[in-house]
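Worksheet: the structure to be examined is printed underneath.
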Amino acid sequence: MTLDITTTPSDHPRSDAEVAEILANPGFGSYFTDHMFTVEWTPEKGWHDARITAYGPLSMDPASAVLHYAQETFEGMKAYRHDDGSVWTFRPEENAKRMARSSHRLALPVLEPEDFVQAVDALVEIDQRWVPTNESGAGEKSLYLRPFMIATEAFLGVRPAQHVTFMVIASPAGAYFKGGVKPLTLWLTEEYTRAGRGGMGAAKTGGNYASSLVAQQEASAHDCDQVVFLDVAEGRYVEELGGMNMYFVHGDGHIVTPETGTILEGITRSAIIELARKKGRRVEERKFDIDEWRQGVASGEITEIFACGTAAVVTPVGTLRWDGGEVSGAATDQAGPLTLEIRQDLVDLQFGRAEDTFGWMHRIV
Ligand SMILES: Cc1ncc(COP(=O)(O)O)c(C=O)c1O
């Protein structure tokens, strides 16, 4: 705990009745809590002026570097309320370390992982009434947390900013799947790529998401839920979806996930590697050829495919569609047993319904 945080409570917090109404049907990313966390950085002072204030608009110089050169990084994580009322995050130090790696890639200063966790904890603590309850154990509502770092120095010129701001905001999130877990239909883009060697693929930075939007539009135009990106060098190897990592379950029980380097190293992805290995499964992190996908599903060698990430936890994948064809068969039309089992294991852990044998949960309240 090295940040000295000044707290100025909001003078216009939402009433308990308003919060209750929002939490009954929060959707995703539409409502924000009463407060926000902010800390500034300059080369002379390092990180300073840490504060919690009322949530509200920022006043920014129009020449702020982030608006022109996209020098920014962010994270996505959740706070979960357990049945005893306590509030927890899942592996927050992994988000902190990933943000440090992203910031290094974007020539931003590193916020020490313990300061990152302290900032997130402080915001969740003051806005704890915004962490939804999940009556009767059925729901999967949570408080989505969005730490982000932006270049706030006002100048026009391409060089690392000398004034940077790190913030945390929070938004209640409803269950991702309403009415049961349903397989996604995916669009294979052969025109757009996400990341190349030496690029920013492994960093969580807004530019990667900006560049994915046109491919996502292409996916929607073909009635698909999400887009699949292939590697930039050969256009053969599966990388990831616009916002999720991928897993392929094989007939003999082993599972394959694309190797890292140009993909975003998901915290859910790495948790699944550990969980599956503990269950005695062989997990391979390797290049995965798109033809292995097409042929494996057609032959029945691939028995389940799923995607994973903080928002949806684990999502079954159904049909893969591309310009001129698609594969979907018995193996892809419903959530498979391992997909559902891993999903349940993670959700039970996050919501405190299973013993935390990995020590992944971090108590805030
Ligand atoms: C591009 C991309 N890949 C993978 C993931 C999954 O990462 P995590 O499991 O840490 O949410 C995300 C979500 O943050 C993402 O945006």
Side-chain angles (χ1 to χ4, degrees), residues 28-29 72-80 89-103 105-106 113 116-117 120 140 142-149 168 171 173 176 184 186-187 189 192-196 199-216 219 225-232 237-248 257-276 283 285 288 305-315 317 339 342-343 345-347 349-350 358 360-362:
F28 188 87
E72 78 95 40
T73 55
F74 69 98
E75 270 304 321
M77 52 202 290
K78 287 174 168 174
Y80 309 88
T89 45
F90 178 71
R91 309 180 79 194
E93 66 290 344
E94 295 301 319
N95 294 91
K97 287 193 245 164
R98 185 169 67 186
M99 177 164 245
R101 295 195 297 274
S102 300
S103 296
R105 180 64 185 81
L106 272 287
F116 174 105
V117 173
V120 168
E140 287 176 17
S142 58
L143 183 64
Y144 185 79
L145 304 167
R146 169 54 56 86
F148 61 103
M149 196 182 287
V168 188
S171 172
Y176 190 87
L184 298 177
L186 300 181
W187 173 252
T189 177
Y192 301 108
T193 57
R194 187 182 168 277
M200 312 196 293
K204 204 160 169 67
T205 181
N208 286 340
Y209 298 82
S211 83
S212 75
L213 297 176
V214 66
Q216 183 60 41
D225 302 301
Q226 283 259 345
V227 59
V228 183
F229 289 104
L230 297 178
D231 76 288
V232 64
Y237 299 108
V238 177
E239 299 241 299
E240 59 182 322
L241 308 185
M244 283 189 260
N245 296 121
M246 296 215 61
Y247 272 95
F248 301 88
T257 189
E259 66 185 0
T260 56
T262 50
I263 62 167
L264 188 83
E265 291 177 47
I267 289 151
T268 320
R269 173 187 180 278
S270 86
I272 291 171
I273 292 175
E274 290 193 49
L275 256 180
V283 183
E285 292 181 80
F288 189 79
I305 304 174
F306 60 87
C308 62
T310 298
V313 194
V314 167
T315 319
V317 168
T339 303
I342 288 182
R343 179 166 213 290
D345 284 350
L346 282 172
V347 168
L349 201 58
Q350 290 167 339
F358 293 95
W360 282 341
M361 300 304 292
H362 168 79

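As a basis for the values below, the full set of heavy atoms in this structure was taken, side chains included, without hydrogen atoms, waters or symmetry mates. When a ligand or atom number is given, it counts from 1 through the structure's own listing order.
- Using a cutoff of 4.0 Å between basic side-chain nitrogens and carboxylate oxygens, E265 and K97 are not scored as salt-bridged.
- At a 4.0 Å heavy-atom cut-off, ligand 1 does not touch E75 at all.
- In this structure, R194 contributes its side chain and G201 its backbone to a donor-acceptor pair below 3.5 Å.
- For atom 9 (O) of ligand 1, the closest heavy atom belonging to the protein is T268 OG1, 2.6 Å.
- At least one heavy atom of G242 sits under 4.0 Å from some atom of ligand 1.
- Nearest-residue assignment for atom 5 (C) of ligand 1 (options G266, G243, G201, G309; heavy-atom criterion): G243.
- Using a non-hydrogen distance threshold of 4.0 Å, E265 does not register as a contact of ligand 1.
- Heavy atoms of R98 come nearer than 4.0 angstrom to ligand 1 in at least one pair.
- Among protein heavy atoms, the minimum distance from atom 14 (O) of ligand 1 is reached at K204 NZ, 2.7 Å.
- Residues satisfying the side-chain contact (heavy atoms from CB on, under 4.5 Å) test with T262, not counting sequence neighbours, are A195, E239.
- Where the criterion is an N or O separation shorter than 3.5 Å, residue side chain and backbone included, R269 fails it with respect to ligand 1.
- In the candidate list Y209, F74, F90, Y209 is nearest to atom 16 (O) of ligand 1, counting heavy atoms.
- Using modelled atom types and a 3.5 Å distance limit, the side chains of R105 and T73 yield no donor-acceptor pair.
- In summary, E274 and R269 do not engage in a salt bridge, as defined by a charged side-chain N under 4.0 Å from a carboxylate O.
- Of the polar atoms of L264, none of the N or O atoms is found under 3.5 Å from an N or O of ligand 1, judged by distance alone.
- The shortest separation from a heavy atom of M77 to ligand 1 is not under 4.0 Å, leaving the residue out of contact.
- Between the side chain of E240 and the backbone N or O of M246 there is no donor-acceptor pair closer than 3.5 Å.
- The shortest N or O to N or O distance between E240 and ligand 1 is under 3.5 Å.
- E75 and R98 are joined by a salt bridge, as a carboxylate oxygen and a charged side-chain nitrogen come within less than 4.0 angstrom of each other.
- For the pair N245 (side chain) and C308 (backbone), a donor-acceptor distance under 3.5 Å is absent.
- Without hydrogens or angle criteria, K78 side chain to T89 main chain gives no donor-acceptor distance under 3.5 Å.
- The single protein non-hydrogen atom nearest to atom 11 (O) of ligand 1 is T310 OG1, 2.6 Å, given as residue, atom name and distance.
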